[in-house]
Engineer: 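Please find one structure pasted underneath; my questions will follow.
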Amino acid sequence: MAKIITKKEENYSQWYNDIVTKADLAENSPVRGCMVIKPYGFAIWEKMQGVLDKMFKDTGHSNAYFPLFIPKSFFSREASHVEGFAKECAVVTHYRLKNDEKENNIIVDPGAKLEEELIVRPTSETIIWHTYKNWIQSYRDLPILVNQWANIVRWEMRTRLFLRTTEFLWQEGHTAHATKEEAMEETVRMINVYADFAENWMGMPVLKGTKTNSERFAGALETYTIEALMQDGKALQSGTSHFLGQNFAKAFDVQFTDKNGKLDYVWATSWGVSTRLMGALIMAHSDDNGLVLPPKLAPTQIVIIPIYKNNEQLTQINEKAEKIKKQLQDKGYSVKFDDRDTHKPGWKFAEYELKGYPIRLAIGPKDLENNTIEIARRDTLTKEVVNQDGLLNKVDELIDNIQNNIYKKALDYRKNNTRKIDDYEEFKRIMNEEGGFVEAHWDGTAETEEKVKNETRASIRCIPIDNEEEKGQCIVTGKPSAKRVVFARAY
RNA sequence: CGGGGUGUAGCGCAGUCCGGUUAGCGCACCUGCUUUGGGAGCAGGGGGUCGCAAGUUCGAAUCUUGCCACCCCGACCA
């Protein structure tokens with residue numbers, strides 16, 4: 001088995017092929033830049049979906065669904081939005097094929113040309129605000145707090161499995177509010193939901209902050225982001241929440257009558273996370289033996305592997321294992337008993353490590369004799385033999401412990417790779433040799449941001465919310481700065 | 001769209017420079033026996049339009065021309 005290299009950028013393709021193919025997550029699809037999410041990978045996604053969906057509902061949102069196709073004219077209504085997305089849209093121009101008798105081939109029927117082209121959604125603001133226009137007349141119709149789980153298509157020039165695929169799955173929340181304050185609160189609420197999910201479920205520490213003008217979502221007045229640091233020192237934008245102001249309401253003429261009888265435009269937010277989070281999950285925690293999944297998101301938390309020499313032993317172990325499985329399931333754990341006779345125990349050990357199962361139990365003849373069981377944890381790859389009577393408590397303890405440990409490990413990694421730099425030459429060296437987050441002063445201009453990007457390939461990932469004010473001088477121009485911002489090379 | 005690279009079995013590759021039996025290796029797959037506490041051993045077996053097309057030649061995976069696809073690095077981006 002080829003080793004999975006997590007540190008070096010140049011080995012990521014190898015790493016992906018192994019993890020992704022062998023761990024049954026996905027494989028390259030014949031369609032340009034698209035991915036097949038294999039059953040095990042999709043199980044992880046479903047798990048994430050389930051948690052996020054509950055978080056959205058708990059914050060008052062409901063699910064809905066809007067069309068995949070957006071008429072081209074909708075798109076051009078919001079100027080900066082169309083500018084941001086125009087270059088990466090798949091466009092439907094015809095609605096029928098026909099048999100070309102000369103060539104004996106199927107061709108696009110020229111007679112089936114659409115009068116107005118349809119855009120395959122790269123995001124749904126336009127069609128949703130077109131729809132909201134009919135839903136909103138009065139302040140009594142507000143707020144609208146809607147989320148949709150959907151697929152979208154962005155025809156990027158360059159794709160990267162999981163991190164930037166042509167088609168991807170995501171959720172997009174689109175809310176409408178009567179006041180600016182309320183919309184702003186919603187924007188911040190949702191970035192906090194994302195940060196909560198990333199840290200407490202994925203075990204992945206994130207920096208919360210706002211984007212600079214040039215990195216902002218097309219059509220937004222403010223973009224909040226969570227930025228995670230991958231094990232190769234590159235940053236990954238993992239979720240965003242946008243304050244859209246009244247831009248889309250104005251573009252789609254969505255006005256409402258307020259309590260005082262005055263007409264005003266509606267305030268909007270949108271927010272989303274995608275299957276990129278699976279890439280983040282993989283890249284944040286995996287090691288040379290494969291995936292490491294946080295217990296809270298692992299589709300199966302515990303696997304039990306029988307070790308036996310003959311059928312008689314297997315029967316005895318089966319009985320015992322099924323009992324243990326039942327007990328664990330009663331406590332709410334997802335458990336798999338792998339009694340396949342087609343693979344040997346050693347093979348199974350390696351297999352479940354590759355797939356990142358948090359806890360592995362092994363039970364064999366020795367254990368039957370001694371009333372013991374072997375318990376192994378994926379995050380540290382350590383194992384111990386415990387008495388069966390204490391197993392349930394041990395599992396409780398381990399599940400918590402593993403969840404906390406992988407978070408702590410990722411946090412330590414980030415701490416060790418976050419540097420305060422005040423010298424531009426040092427900054428350049430760090431970007432070339434070390435990677436990671438660099439906290440530095442910036443004069444606030446797009447010119448400086450652009451210069452740094454051209455010279456170091458590092459961009460401003462965010463202006464952190466939590467960072468303290470600290471007066472300083474821009475690392476490039478020496479002009480005054482009120483606060484450090486976070487730079488990194490990013491995916 | 002620029003720069004680089006690769007296309008040979010499901011996966012990973014050798015063979016190509018310098019044309020020559022029936023195209024080979026590892027893993028995986030199938031059958032049988034022995035095995036089973038960290039990816040088992042032995043024996044046998046199946047699987048290929050050598051990316052596509054044309055050309056050169058007695059003969060092409062190998063040489064020539066054209067095309068296509070994919071990967072990596074940039075520009076772009078969740």
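Letters A, B, ... mirror the listed sequences (proteins, then strands); counts begin at 1.
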Engineer: Partners of Lys87(A) by side chain to side chain contact (heavy atoms under 4.5 Å, CB included), sequence neighbours excluded?
Structural biologist: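 Not a single residue meets the side chain to side chain contact (heavy atoms under 4.5 Å, CB included) criterion with Lys87(A).
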
Engineer: For U57(B), which nucleotide in any strand shown is its Watson-Crick or wobble partner with both distances under 3.5 Å?
Structural biologist: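 Matched U57(B) with nothing under the 3.5 Å cut-off.
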
Engineer: If only atom types and distance count, is the side chain of Thr445(A) paired as donor or acceptor with the main-chain N or O of Thr448(A) below 3.5 Å?
Structural biologist: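 At least one qualifying donor-acceptor pair exists.
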
Engineer: What does A75(B) pair with, Watson-Crick or G-U, if both distances are under 3.5 Å?
Structural biologist: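 Its partner: none found.
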
Engineer: Any base atoms under 4.0 Å from Ser274(A), or only sugar-phosphate, or nothing? Heavy atoms, all strands.
Structural biologist: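 The residue Ser274(A) makes base contact.
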
Engineer: Report the base-pairing partner of C42(B) (Watson-Crick or G-U wobble, both distances below 3.5 angstrom), or none.
Structural biologist: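 Checking every strand shown, C42(B) finds its partner in G32(B), with both distances under 3.5 Å.
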
Engineer: Using purine N1 to pyrimidine N3 plus N6-O4 or O6-N4 for Watson-Crick, or N1-O2 and O6-N3 for G-U wobble, each under 3.5 Å, what pairs with C18(B)?
Structural biologist: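 Paired with no nucleotide.
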
Engineer: Please state how far atom CD in Glu83(A) lies from atom P in C76(B), giving the value in whole angstrom units.
Structural biologist: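 Result: 13 Å.
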
Engineer: Let's see if you get this right: which residues in residues 307-317 of chain A place a heavy atom under 4.0 Å from RNA chain B?
Structural biologist: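 Under 4.0 Å from RNA chain B: Ile307(A), Tyr308(A), Lys309(A).
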
Engineer: Using a 4.0 Å heavy-atom cut-off, does Thr166(A) contact any base of the nucleic acid, only the sugar-phosphate backbone, or nothing at all?
Structural biologist: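 Nothing, no heavy atom under 4.0 Å.
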
Engineer: Tell me, please, which residues at least two apart from Trp347(A) pass side chain to side chain contact (heavy atoms under 4.5 Å, CB included).
Structural biologist: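 So Trp347(A) forms a side chain to side chain contact (heavy atoms under 4.5 Å, CB included) with Arg340(A), His343(A), Glu351(A).
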
Engineer: Is a donor from one side chain sitting under 3.5 angstrom from an acceptor on the other, for Ser270(A) and His174(A)?
Structural biologist: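 No - no donor-acceptor pair under 3.5 Å links their side chains.
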
Engineer: Rounded to whole angstrom units, what separation is found between the CH2 atom of Trp170(A) and the P atom of C77(B)?
Structural biologist: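 It is 15 Å, rounded to the nearest whole Å.
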
Engineer: Answer yes or no: does a side-chain N or O of Lys344(A) lie under 4.0 Å from OP1 or OP2 of G37(B)?
Structural biologist: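 For G37(B), OP1/OP2 do have a side-chain N/O of Lys344(A) under 4.0 Å.
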
Engineer: Select base, sugar-phosphate, or nothing to describe what Gln237(A) touches, counting heavy atoms under 4.0 Å on all strands.
Structural biologist: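 Sugar-phosphate, backbone atoms only, no base.
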
Engineer: Please, which pairs that meet side-chain hydrogen bond (donor to acceptor under 3.5 Å, both in side chains) have at least one residue in residues 197-209 of chain A, sequence neighbours excluded?
Structural biologist: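 side-chain hydrogen bond (donor to acceptor under 3.5 Å, both in side chains) check on residues 197-209 of chain A returns Asn192(A)-Lys208(A), Asp196(A)-Asn200(A).
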
Engineer: What contact category does Lys87(A) fall into here, base, sugar-phosphate, or nothing, at under 4.0 angstrom with non-hydrogen atoms?
Structural biologist: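 Counting heavy atoms under 4.0 Å across all strands, no contact is made by Lys87(A).
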
Engineer: Only pairs with both distances under 3.5 Å count, Watson-Crick or wobble alike; so what is the partner of G12(B) in this structure?
Structural biologist: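 When the pairing criteria are applied, C25(B) turns out to be the nucleotide that pairs with G12(B).
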
Engineer: Counting only Watson-Crick or G-U wobble pairs whose two distances fall under 3.5 Å, which nucleotide matches G66(B)?
Structural biologist: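 Paired with C52(B).
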
Engineer: Partners of Arg77(A) by salt bridge (Lys or Arg N to Asp or Glu O under 4.0 Å), sequence neighbours excluded?
Structural biologist: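 Scan of Arg77(A) (salt bridge (Lys or Arg N to Asp or Glu O under 4.0 Å), adjacent residues dropped) gives none.
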
Engineer: State which residues pass side chain to side chain contact (heavy atoms under 4.5 Å, CB included) with Lys323(A); sequence neighbours excluded, sorted by chain then number.
Structural biologist: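 Residues passing side chain to side chain contact (heavy atoms under 4.5 Å, CB included) with Lys323(A): none at all.
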
